[in-house]
Every structure is written in structure tokens, then in C-alpha cells.
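As the structure is a prediction and not an experimental result, all values here were calculated from the model.
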Amino acid sequence: MKKKLAFLMAGLLLAVSFASCKPSDPSLKAEGASKMVIAVSEEQEDFYRVAIAKYCRIHPETELEIQVIPFIDNAPTEKTEKDKKAVKDMQMEIVAGKGPDVFLLDESSQLLPDMMKSSYNGVFLDLNTVMKGLEELPLNQTVIKAGEVDGKQYFLPLGYMLAGIAVTDDMLGDWKPSSDDPGRFLEEAATHTGVQMFPAEFWLKEYIPGLFGTPVLDYEKKSITFSEELQAFTELVAQRQELSSESESELPDVAIMGHYTSDSLEALIQSSLASGTDVKFLPFPNGEGGINAQVNVFAAVRANSPYASQAGEFLTFLLSDEMQGSTGWENFGSGQKFTAIPVNNNGVIPAFQYKFTYGTEEYQEAAAKKAEELFQVTRQVTTARFCQYENSLIFDTIFMTSETSSVEEKLENLKNELRFYFDE
């Protein structure tokens, strides 16, 4: 957990800040603003500052202002309280129909933690017109539809992640998982590889609902359902209290591909290129004959923004081949990587190849081969959801409490606590 806390503490380094494509007053103008304001999650700031600068060079007539949404930790510091107030103030603005014009967020942002509910509440602009301009791009349509509500595209997935297990090729052998149930898959993999626990298994605790294609929260029917499969897998992970050491270098390991803080899979593959030990990524099955993608980087436009047209052009640029495709990774430093799997399929292979080599000449051929292999893994995605709120609910209810009641009882209590959620 020390490694995880280090990642979380790193998010505290920056507070709310502003920048502009053109020189301007650094303060944000709430009404009558002379430029389009883009709110960016702090964890994505490095990448999007470079991306926005690139957009401004192409469109010098456009004035943009960046507002950074701070990453909020629970550390009892003055900065934490200041950041919480800044986010709360922005939430109040959004409810009042004001605030930023464009949102570039990820799962770490507490500004809009439940995008599905915000979509149903009319916070965002329907982006179907924007989608028509993207018809020629090779986008992962399964992932794109995760932002669709009642036939309207209220938010636009830009990237996603997949949960799985990393194993060495010699450890894997010719074994292939026989079960598409996440729990049985985990137990089967443990038996085959000869391990009792997996390092970094806490990732499973944080992303259990996202492994399944079926949602917990049904916003249309205003119902809450914890499937038997989800409950069984939660119970399995809850029973596995003693985890292997996070500093343990041996595989297998629980890994997240395309995660904003977890670069463990990338690090394993980078080292494998030098050692010649091949690392395979086995994604968790979703119980429906495929794997489930979790949207973790996404965009939305404020419903009453006066910059709707410009916002649409900007979002089209972010998903274009020029940005996410084969040329979209040029001139990006190692600290400015896009932290998710690109929705533009043309961007997946060059993105991973770049991450495995940081653009250096060494190991390019091996990196390209591994990137192609991981791209084929993404082709197994059959369902995709934005489920950060569900993930947080399960994690906090089951694993962040001192109560000794069973998982079943905790889930039932959670259901009772949420009975008025849809009406709030």
C-alpha cells in the first residue's frame, strides 16, 4: 500500500491553476468570458497542456483557458481543505449552469464523480452532432457508447482501462483460462501459476464492479442490483486478507492496463524488453464471453455553453489521428503520457510502443510487437461502462470499514442507504 499512497500523495503537488493560449488576465471570468474555459483533471494536466498548445498552434484564432481541477487526498492539510472548497465551489457553479465550458476529466476527479447521474440531470450538452464528425475515425465504438444515455452522447470517452494478470510466458505455457467468471478465473490462474496471492491485489478491491458488464445502478429504472457474480467475487477478494508483498518482483501480478497511476504493467514490459523474458497480460473476463472496459478518461461540454461549436471542434481534434493516432505521440516527454488506452484504435499501438521505449531507438521492434499483442487484447472488449461511482461505493462499503458483518449484509445495508439516491 506504500506504493499506492506515494501515487496518491503525488497528486497533491498542484493546486488550481490557470493558463491560456494567448496572454490574458489569469483570473477566471465566470460570466461573459472572452475565451473557452477547459477544466482539466490534475492527473491529466501534463498531457493536455501539450495537447491544447498543439491545438492552439493549428487554430491561432481560438482563445482557450485551462483550469486545473486539483486531485484531492484525505490528508488533513490546509491545502486539502482549500482544494475541497475549490471543487465544491465549481460544483455549485455547474449546478447553476455556469463554470467551465469543456471538462477533460478522469476517474481521480471528485468534481463529477457520477457522470451517469450528471448526464441524466441535464448537466451536459448532447454531443451527437460531434459524433457525426467522427464517423470516419476508427474509434472503439463499444467504449464510445459508454457515454451514451437514452440515445444521446452526454460525455465522450477518450480512454479506458482493462484489469488483468501479468505472467511470464514460461509460467503461462500453453495454459488458457477455461472460465469466463472473474472469481473462478482468479482462482484458476493462481492454481496454474502456483501462487496463493497476487502482489497488488488491492487493485481488484477498487475496481470490482467495473469487471462486470452489468451495472449496479440502473438510472432509468432507478434500481440497485448486486448480481450474484459480483457478490461472489467481492467475497473472494474480501477473504484474501494477506496479500503478497508489493515490493515482490516475481510474477504473476494483478495489473491494470491503461490506468492513470498504475504503471506496473508498463514497467514489467519495459524490463522484459531488456531481459528477453516475455510478459503476457491476461484480462479478467466479464462473465459474458468477453472483457469489460472501464472508461477512465473522458470529456463533456456544459449544456448551456456559448462555445458549443468550438468545443465540438476541440473534442474532434482530441480523438483525431493527429492527436491519438500514429503521429499523436511525437514530442511528448515521459511525464506527459496519455494515461489510458486511446479510444482511437489507430492510437493504441503507437501509444504503447512509445510508452515501452520513451521514443528511444532501442527495443523498437520488440516494443512494436508487444504493442500489437496488447492491441489484440483490446479487441476482446465486448462491454464498456463508466463505473467509478459504483467502484467507490463497493470499495468504501466492503473494504474501508471496521464492521465485521458479512459482504452480503454490507451490500444490503448499502442498498438501503442508496434508496433515495436517484431522487437527490
Side-chain angles (χ1 to χ4, degrees), residues 1 3-4 6-7 10 43-44 47 106-108 143 159-172 177 182 185-186 189-190 193 195 197-207 210-211 243-286 291-297 329 334-342 347-359 363 366-381 391:
M1 191 62 74
K3 186 186 300 181
K4 182 183 177 187
F7 283 131
E43 295 292 338
Q44 303 298 321
F47 177 83
D106 62 20
E107 59 160 315
S108 72
V143 177
Y160 59 100
M161 67 183 187
L162 303 175
I165 296 174
V167 295
T168 55
D169 192 45
D170 58 347
M171 183 180 288
L172 183 65
F185 165 84
L186 182 65
T193 54
V195 300
M197 300 294 176
F198 293 91
E201 198 166 311
F202 61 79
W203 290 120
L204 294 181
K205 294 182 176 181
E206 293 203 24
Y207 297 108
L211 299 178
L243 306 181
S244 300
S245 170
E246 290 176 45
S247 62
E248 196 72 39
S249 60
E250 288 83 1
L251 293 174
D253 197 356
V254 170
I256 309 289
M257 188 165 84
H259 190 266
Y260 81 102
T261 61
S262 172
D263 59 356
S264 58
L265 179 64
E266 293 173 22
L268 287 171
I269 292 177
Q270 287 166 4
S271 62
S272 75
L273 297 181
S275 67
T277 302
D278 194 24
V279 174
K280 300 291 185 183
F281 177 76
L282 305 178
F284 271 92
N286 61 8
I291 60 178
N292 191 56
Q294 301 188 51
V295 174
N296 60 335
V297 181
W329 301 96
S334 61
Q336 297 168 323
K337 300 177 295 182
F338 185 61
T339 61
I341 304 170
V348 178
I349 294 176
F352 277 118
Q353 185 175 354
Y354 184 90
K355 291 177 181 181
F356 297 152
T357 63
Y358 291 146
Y363 307 122
K369 181 179 179 181
K370 179 56 63 175
E372 170 65 35
E373 179 183 305
L374 293 180
F375 174 64
Q376 294 307 318
V377 171
T378 69
R379 311 297 280 177
Q380 300 173 39
V381 170
N391 287 336

Do you know the tightest heavy-atom contact between [X] and [Y]?
X      : Y      : answer
Met257 : Phe352 : CG-CZ, 3.6 Å
Ala371 : Gln353 : CB-N, 3.8 Å
Thr168 : Thr277 : CG2-CG2, 3.8 Å
Lys355 : Ala340 : NZ-O, 3.8 Å
Tyr160 : Ala293 : CD1-CB, 3.6 Å
Thr357 : Ala367 : CG2-CB, 3.4 Å

- Query: Taking atom types as modelled and ignoring hydrogens, do the side chains of Asn391 and Glu107 form a donor-acceptor contact shorter than 3.5 angstrom?
  - Reply: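 The answer is no; no qualifying pair exists.
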- Just jot down the ring pair (Phe, Tyr, Trp, His ring centres under 6.0 Å) partners of Phe185, sequence neighbours excluded, or say none.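 Phe185: ring pair (Phe, Tyr, Trp, His ring centres under 6.0 Å) contacts with Phe284.
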- Message: Taking ring pair (Phe, Tyr, Trp, His ring centres under 6.0 Å) as the definition, give me every residue that meets it alongside Phe281, ordered by chain and number, with sequence neighbours left out.
- Response: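 Applying ring pair (Phe, Tyr, Trp, His ring centres under 6.0 Å) to Phe281 gives none.
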Using side-chain heavy atoms (C-beta onward) and a distance below 4.5 Å, is [X] in contact with [Y]?
X      : Y      : result
Val348 : Leu374 : no
Leu204 : Leu186 : yes
Lys369 : Glu373 : no

- Taking Asp106 for the side chain and Ser108 for the main chain, is one N or O donor matched with an acceptor at less than 3.5 Å?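 At least one qualifying donor-acceptor pair exists.
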- Query: Short question: side chain of Asn296, backbone of Gly258 - any donor-acceptor pair under 3.5 Å?
  - Reply: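 Checked: pair present.
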- Message: Before you tell me yes or no, could you show the steps for Leu282 and Leu172 under side chain to side chain contact (heavy atoms under 4.5 Å, CB included), namely the whole-Å CA-CA distance, both residues' side-chain angles and the distance that decides it to 0.1 Å?
- Response: CA-CA 10 Å; Leu282 305 178; Leu172 183 65; 3.8 Å; yes
Atom pair [atom1] ([X]) and [atom2] ([Y]), whose distance is rounded to the nearest 0.5 Å:
X      : Y      : atom1 : atom2 : value
Leu211 : Leu162 : CG    : CG    : 10.5 Å
Asp253 : Leu265 : CG    : CG    : 9.0 Å
Glu266 : His259 : CD    : NE2   : 11.5 Å

- Item | For Thr193, side-chain hydrogen bond (donor to acceptor under 3.5 Å, both in side chains) partners two or more places apart |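 Expected list: none.
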- Query: How would you list, by chain and number, every residue that makes a side-chain hydrogen bond (donor to acceptor under 3.5 Å, both in side chains) with Asp278, sequence neighbours excluded?
  - Reply: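 Residues passing side-chain hydrogen bond (donor to acceptor under 3.5 Å, both in side chains) with Asp278: Lys280, Lys370.
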- Can you sort out the partners of Ala366 under side-chain contact (heavy atoms from CB on, under 4.5 Å), two or more places apart, ordered by chain and number?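 Here the qualifying residues are Leu273.
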- Message: Checking Glu372 now: which residues fulfil salt bridge (Lys or Arg N to Asp or Glu O under 4.0 Å) with it, not counting sequence neighbours?
- Response: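 By the salt bridge (Lys or Arg N to Asp or Glu O under 4.0 Å) rule, Glu372 matches no residue at all.
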